[in-house]
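Just below is one structure, and these are the notes that go with it.
In this text the structure is predicted, and so the values were computed from the model without any measurement.
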Amino acid sequence: MSDFQELIKNIDKCRDYVRDFFVYGFKSRGDFPGKSARTYDDERRRIASWLPEYVREDYTEGGKSKNISLQIDQKKLNTNPLFRVWQTGSFTDRDLSLHFFLLKLLEDPEAAYSASELADLLMEEYGYEADLQIVRRKCNEYAEEGLLRVRKEGKSILYSRGLRFEELPAAEELLDMIRCFQMDRPLGVAGDTILSAQNETNEIFRIKHGFPTFTLEDEILLALLDAIREKQKTELRVQNNRRMETQGQRKCGYPMQIFVSLRSGRRFVCLYMEGRRAKHFECVRLDQIKEVVILPERDEKREEHRQQLDEMRKNVWGVSFAPLVPGHGCLQKVILTIHADERTEPYIVNRLQREGEGGSIERIAPDTFRFEKTVKDAMEMFPWIRSFTGRIAGLQIYGTDGERLFERNEKLEAIFFSDLEKMYQKYGV
Amino acid sequence: MEKLFSEIYNRYFGIVNLLLMKKGTISQKMLRDTVQKNGFGESLLFLLPKLSANEWEIFEEQDGAYRSKIRGGVKMPMSRLQKRWLKAVLADPRAGLFLEDAHRAALNDALADTEPLFRYEDFYYFDQFSDGDDYVDAAYRRHFRTILQAIRNDRMIRVRYEARTGRTTRLFLKPQRLEYSAKNDCFRLLGISQTGTRVRRHTLRISRMQNVKAAEEETVSGYKEEMLQTELPQQKVTLCIRDARNAMERAMLQFADYRKNTCRTGDHEYRCEIFYDKEDETELLIEILSFGPVIEVADEPENEHFLSLIRERLRKQKNQEMI
């Protein structure tokens with residue numbers, strides 16, 4: 001008999017499956033090396049159960065294998081369907097009964113009982129027998145979660161219920177804000193749980209350029225935000241999603257800030273790292289972090305490091321940082337010339353302004369504009385530069401230390417133009 | 001650290017609470033219907049037997065039917081995670097669109113002993129456009145609230161709007177949704193208007209609205225309900241992706257906000273159908289161009305339109321005089 005369960009104890013395993021089914025949508029059993037066929041089948045069944053309206057099953061490669069994909073049109077959503085993975089934790093029979101009985105007994109905000117009084121009331125009111133230790137443990141657990149308040153009175157520890165949403169001022173207006181922010185703000189799943197608890201839904205707001213998979217990294221994000229706040233050092237276990245069979249690597253550093261790309265759909269943690277020789281900043285993708293261990297060391301010079309980070313970000317296009325001590329040619333100056341009709345195509349210059357991450361723009365001739373930006377890694381800019389295809393009238397890249405220009409990096413320029421040539425060939429232009 | 005994967009947010013708990021809230025007797029059919037409507041795909045198999053057998057002792061048995069032992073169900077207190085998240089988002093510049101300053105201050109007071117889950121400066125949106133909306137502008141806030149009220153109350157609105165071309169138009173609209181674009185950092189109104197039998201859809205940036213008023217009329221008669229509900233048919237483009245320079249993963253993540261079908265066609269070669277709204281065509285076009293030669297629009301008759309757009313840009317580029 002199958003021991004399949006709809007709920008799960010640990011989210012780590014299924015998180016990778018949900019991500020792969022959603023992001024890729026073509027992986028079948030053979031694409032999950034190191035996992036048994038049974039594990040794959042169970043995970044597939046579970047995800048189909050949690051997200052039935054989004055699951056599509058196909059036979060691929062000549063009908064040899066079956067795969068599932070998650071068909072989600074982000075722009076049309078009222079909430080993020082992947083929040084459902086957080087509603088699937090397994091529990092014991094006692095957890096459920098105690099949850100309802102205890103919260104009902106403590107419904108009156110003035111009611112405050114000790115664990116032993118609650119154990120008696122459980123029997124009197126509901127005929128439910130529960131060991132005192134278990135009641136106490138559950139109350140402490142709920143106090144830890146914030147559902148219950150704890151106060152000491154003489155020798156007794158008394159429990160009462162915490163604040164309810166509807167007791168907050170302007171709760172009605174607040175609901176609209178939560179409807180909007182649950183899909184857009186970090187850890188929006190917390191907002192979704194508030195709406196669910198109020199039996200409310202969102203029928204008003206939609207989000208464009210949102211990334212539902214972000215929520216799969218939310219536990220990792222929570223730990224990193226804790227470390228940022230407490231200025232603590234962390235050890236991260238990082239595993240490339242394309243090489244799941246390897247054990248991955250460990251990275252130690254102080255989390256400083258979360259970098260978010262709304263273009264590529266990736267989030268990173270920016271770490272301050274102290275190597276044996278050099279200190280530097282490095283970004284690590286959140287979806288590749290499998291574990292965060294908080295270490296005891298604290299960043300005693302946080303203000304100084306934060307200022308350094310803010311300063312260095314000026315020369316970062318995406319997530320590639322230069323060394324903390326700049327050297328000869330460690331930066332690259334990108335000079336992009338764009339042709340746009342000033343009268344009919346003002347939006348092109350607007351694009352340079354609003355998307356150019358603070359780069360300078362100069363009109364060098366009628367309908368011709370020069371955009372300049374100094375960055376650590378010019379290659380990071382290539383996707384954005386390519387988006388101007390049809391209007392690129394020049395691209396030069398120079399080595400620089402931020403002030404002086406050094407030799408021209410023709411090799412890098414050639415990569416860009418050779419890609420363009422390949423595109424002409426592919427499309428027969 | 002706050003717990004995210006906790007039983008208190010479990011869907012089964014939510015379903016049980018719905019049942020406990022029911023007045024009168026709860027039949028087996030009611031149990032089944034509630035689980036079916038609110039549960040996961042297989043909850044009938046896993047949750048229903050537990051409820052039917054009253055394994056959690058939450059029902060009183062009466063003449064073969066159940067009654068809730070907990071009349072009215074329970075109203076959950078807020079967890080610390082919820083309070084901390086709320087405190088964090090109250091600091092968002094957009095919070096002022098929903099809440100008056102006095103309300104915001106009162107909420108911050110009510111959550112005075114709560115530490116925000118994150119601070120605004122903990123995040124850096126490095127490729128977000130720099131010309132986002134001005135959320136503290138008084139007129140912007142007024143327009144936003146008028147629209148929000150109108151959507152809530154199903155009312156029509158009158159809008160004076162300055163288009164991108166500078167031309168001003170007056171519109172009589174049924175507002176349907178407010179859409180936030182994270183990349184553009186702006187709100188847009190999605191609405192419809194009707195002239196005679198012709199229904200038109202509008203996507204309007206709040207920041208370009210010169211005036212917004214709730215209309216006296218409750219709604220316009222003669223609107224075809226089905227037109228209000230249905231989405232416009234989507235366009236489709238098929239891409240061939242060569243998995244070089246990690247293109248496959250990059251593409252799948254970048255296009256994750258579109259509905260798509262992907263399949264493998266060979267070693268390191270994939271085919272991906274992307275479904276998009278016509279109004280997003282230019283955005284998708286430049287996203288595809290940004291990948292360079294590792295992504296190609298499939299040379300197939302049904303892609304002819306998209307291919308012509310790409311070829312036009314490439315031709316223009318090839319003929320560009322280089323400096």
Portion of A:F181 that has a non-hydrogen atom of chain B nearer than 4.5 angstrom: both

Part of B:L47 lying under 4.5 Å from any heavy atom of chain A: neither

Part of B:F291 lying under 4.5 Å from any heavy atom of chain A: backbone

Per-residue contact mode, A:L221 against chain B (heavy atom under 4.5 angstrom): side chain

B:E42 portion near chain A, given a 4.5 angstrom heavy-atom threshold: both

Under 4.5 Å from a heavy atom of chain B, the part of A:I8 involved: both

Part of A:R84 within contact of chain B (heavy atom distance under 4.5 Å): both

Salt-bridge present (A:K426, B:D299; N to O < 4.0 Å): no

Whether B:F144 and B:F187 hold their rings parallel, tilted or perpendicular, with breakpoints at 30° and 60°: perpendicular

Heavy-atom pair count under 4.5 Å with chain B, highest-scoring of A:L224, A:T337, A:D184: A:D184

A:R266 portion near chain B, given a 4.5 angstrom heavy-atom threshold: side chain

Plane angle bin for B:F98 and A:F205 - parallel if under 30°, tilted between 30 and 60°, otherwise perpendicular: perpendicular

Interchain contact, B:S43 with chain A, by part (heavy-atom threshold 4.5 Å): both

Per-residue contact mode, B:I151 against chain A (heavy atom under 4.5 angstrom): side chain

B:L307 portion near chain A, given a 4.5 angstrom heavy-atom threshold: side chain

Toward chain B, the part of A:Y142 with a non-hydrogen atom under 4.5 Å: side chain

Salt bridge flag under 4.0 Å for residues A:D218 and A:R267: yes

Residue A:E167 versus chain B: region with a heavy atom under 4.5 Å: neither

Region of B:V294 in contact with chain A, defined by heavy-atom distances below 4.5 Å: neither

Leading residue by heavy atom contact count with chain B [cutoff under 4.5 Å; candidates A:C180, A:S261, A:G146]: A:S261

B:I310, part contacting chain A, at a heavy-atom distance under 4.5 Å: side chain

Residues B:D127 and B:K183 bridged, charged N to O under 4.0 Å: no

Side-chain donor/acceptor pairs under 3.5 Å, residues 251-258 of chain B, sequence neighbours excluded:
residue: B:Y258; atom: OH; partner: B:E287; partner atom: OE1; Å: 3.0

Rounded distance (nearest 0.5 Å) linking atom CD of A:Q257 with atom CZ of A:R313: 4.5 Å

Geometric class of the B:Y124/A:F259 ring pair [parallel <30°, tilted 30-60°, perpendicular >60°]: perpendicular

Ring geometry between B:F123 and B:Y125 (parallel below 30°, tilted from 30 to 60°, perpendicular above 60°): parallel

Centroid-centroid under 6.0 Å between A:F91 and B:F13 rings: yes

Which portion of B:L18 sits near chain A, non-hydrogen atoms under 4.5 angstrom: side chain

Check ion pair A:K104-A:E107 (N to O, under 4.0 angstrom): yes

Side chain / backbone / both / neither for A:F83 at chain B, heavy atoms under 4.5 Å: neither

Under 4.5 Å from any heavy atom of chain A - which part of B:I295: backbone

Side chain B:Q82, main chain B:S79, donor-acceptor under 3.5 Å: yes

Carboxylate-amine/guanidinium proximity below 4.0 Å for A:E141 and B:K3: no

Sequence neighbours excluded, every pair satisfying salt bridge (Lys or Arg N to Asp or Glu O under 4.0 Å) that has a member inside residues 79-92 of chain B: A:E144-B:R80, A:R185-B:D92, B:E2-B:R80, B:E2-B:R84, B:D92-B:R94

Proximal component of A:A223, with respect to chain B [non-hydrogen, under 4.5 Å]: both

Distance-only side-chain donor-acceptor flag, B:D277 / B:Q234, under 3.5 Å: yes

Part of A:N10 lying under 4.5 Å from any heavy atom of chain B: backbone

Any donor-acceptor N/O pair, B:R188 side chain to B:L178 backbone, under 3.5 Å: no

Under 4.5 Å from a heavy atom of chain A, the part of B:E283 involved: side chain

Heavy-atom pairs under 4.5 Å with chain B, option from A:R351, A:Q425, A:E357 with the top count: A:E357

Rounded distance [0.5 Å steps], OG in B:S181 versus CZ in A:R206: 14.5 Å

Heavy-atom contact with chain B under 4.5 Å, split by part of A:E6: both

Chain A contact via B:W56 - side chain, backbone, both or neither, heavy atoms under 4.5 Å: both

Engaged part of A:Q396 at the chain B interface, taking heavy atoms whose separation is under 4.5 Å: side chain

Contact class of A:D419 relative to chain B, heavy atoms under 4.5 angstrom: both

B:E121 portion near chain A, given a 4.5 angstrom heavy-atom threshold: both

Segment of A:R229 engaging chain B (4.5 angstrom heavy-atom cut-off): side chain

